[in-house]
Amino acid sequence: MTIPDVRAYPEAATPTVPGVPAAPAVPAAQSSPPRGRGGFDPETARRDIPVLHRTVNGHSLVWLDNGATTQKPRQVIEALGAYYSAANSNIHRGAHTMAREATETYEAGRQAVADLLGAGTPDSIVFTRGTTEAINLVAQSWGRANIGPGDEILVPVLEHHSDIVPWQMLAKEKRARLVPVPLLPDGSIDQEAFAHLLSFRTQLVAISHASNVLGTVPPVREMTALAHRYGARVLIDGAQAVAHFPVDVQELDADFYVFSGHKLFAPTGIGALYAKPEVLAGMAPWQGGGNMIDQVDFAGSTYAPVPHRLEAGTGHISGVAGLLAAIDWLTGFDRNAVAAYENGLLAYAEQALSALPGLRILGSAPGKIAVLTFTLAGHDPVEIAHWLDRDGIAVRAGHHCAQPSLRHYGVESAARASLALYNTAEEVDQLVASLRRLQEEPPGARAARQP
Ligand SMILES: *Cc1c(COP(=O)(O)O)cnc(C)c1O
């Protein structure tokens, strides 16, 4: 019997998913939006994503909540099905064909992550549930061994709660200090303040490669080089970055780099930590269990080499099969062309949204990713999200797990449209048109609409 290779998928002309209606025809654009010139056409990505062809509240879905999670190509969905239909087995410890095949899939996934990040060796990749777990792993394993009383951990104000709270917990436990690095008015990190805050007390700098609220892409390579002069380690949170532009951890000289599969078109529950081989080699286990040991005896146990030492218990094997398919899918596009397309779409969206009276975009750092967090005078962000949802448009409203970023702008809550490679200028037009209708709604209609 032959086992289907979970990386090989039949080429279908149009995606057909049972029960999901075909996409309605997209109307022609009115203005002169980006059309995907120069090597990337968003329609080629859209064709692969079944959920983009459903309707929500009678309208074709406009998914602008990619900062929270991305939609999945059929290649990923099929990889999960193929794994469970024909290849399900635990890994590493089995002495049979399917155990070997599952192990091969798992390790091919590790290699794919290493390639995606420019990691050099797959042994520098640890699978985790996602970004949050990867950061907690570093805090619990590396942090507990290397952070002591009086030490400092520098964290820019724009970080996600996942890149603040684990360090806060560690600092409390070790009587170390968590030091916020301030932002400039445009949402970029104040580099002068950063340089002043660094000292020989700094043990760790934890920075987003791209902010999920402000879109800011900090100069992480320069910041890392500066931190290294003080002997500090640098963790880069790539949760938003990986889906938007190519990453090279060796070129960045990152000590740690973390991301989540589900923001990279892969399933939830799988993500990864990259750590420099020499740093990883010194990291003690943070969870005990199967798969991470060498010998177990009641007198004491010895542990497996990294990365397995940091992966206790059965991993998310089907998730890795899905992640492998997602990486294959994304890297099948010309990534620089994708980034150029997204930048064009961001510029188009910024211009279109700015034309709405009372609309304020939070975050305008040069080179930001396609994230548009905004407030609209007279309208609560949750009301905005509910209104847009009636038109089939999904945006996030709230604090976006980054309260300090919003407080920098004096607000506690905002709406956010976050774009991916499969979004189009027509969808931006629909967002703007819906917001305009909200603004033009007579006061009586608004009162009647509210619950
Ligand atoms: C989403 C996100 C996280 C947390 O990711 P999880 O998948 O919830 O673990 C951390 N940092 C940033 C910048 C994010 O966007």
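Atoms within a ligand are numbered from 1 in the order they appear, just like the ligands themselves.
Between the side chains of Trp63 and Asn423, no donor-acceptor pair is found at a separation under 3.5 Å. Side-chain atoms of His209 and Tyr257 form a donor-acceptor pair, as typed in the model, at a separation below 3.5 Å. Donor-acceptor pairing under 3.5 Å is recorded for the side chains of Ser260 and Thr131.
His399 and His161 have tilted rings, their planes meeting at an angle from 30° to 60° on a 0 to 90° scale.
Atom numbering of ligand 1 starts at 1 in the shown order; those under 4.0 Å from a heavy atom of Thr131 are 4 (C), 5 (O), 9 (O), 10 (C). In summary, the atoms of ligand 1 found under 4.0 Å from a heavy atom of Asn212, numbered by their order in the structure, are 15 (O).
Nearest protein heavy-atom contact of atom 8 (O) of ligand 1 is Thr132 OG1, 3.6 Å. Lys263 NZ, 2.9 Å is the protein heavy atom nearest to atom 14 (C) of ligand 1. With respect to atom 11 (N) of ligand 1, the closest heavy atom belonging to the protein is Asp237 OD2, 2.6 Å.
The shortest N/O to N/O separation between Ser208 and ligand 1 does not fall below 3.5 Å. For the pair Gln240 and ligand 1, the shortest N or O to N or O distance falls below 3.5 Å. For the pair Ser260 and ligand 1, the shortest N or O to N or O distance falls below 3.5 Å.
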Report task. Tell me, with the steps shown, if Phe259 and Tyr274 meet ring-ring contact (aromatic ring centres under 6.0 Å, His included). Result -> CA-CA 9 Å; Phe259 76 91; Tyr274 157 83; over 10 Å; no

Requested in this report: List the steps, then state whether ring-ring contact (aromatic ring centres under 6.0 Å, His included) holds for Phe40 with Phe333.
Outcome: CA-CA 7 Å; Phe40 178 71; Phe333 297 109; 5.4 Å; yes

Report task. Evaluate the criterion side-chain hydrogen bond (donor to acceptor under 3.5 Å, both in side chains) for residue pair Thr314 and Asn90; output intermediate values, then yes/no. Result -> CA-CA 7 Å; Thr314 299; Asn90 211 324; 3.0 Å; yes

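Residue Asp163 places no heavy atom under 4.0 Å from ligand 1.
Here the shortest heavy-atom distance to atom 3 (C) of ligand 1, taken over Glu133, His160, Glu159, His400, belongs to His160.
Of the residues Thr373, Leu435, Leu372, Leu388, the one that meets the side chain to side chain contact (heavy atoms under 4.5 Å, CB included) test with Val395 is Leu388.
Only the side chain of His262 comes within contact range of ligand 1, with a heavy atom under 4.0 Å; no backbone atom does.
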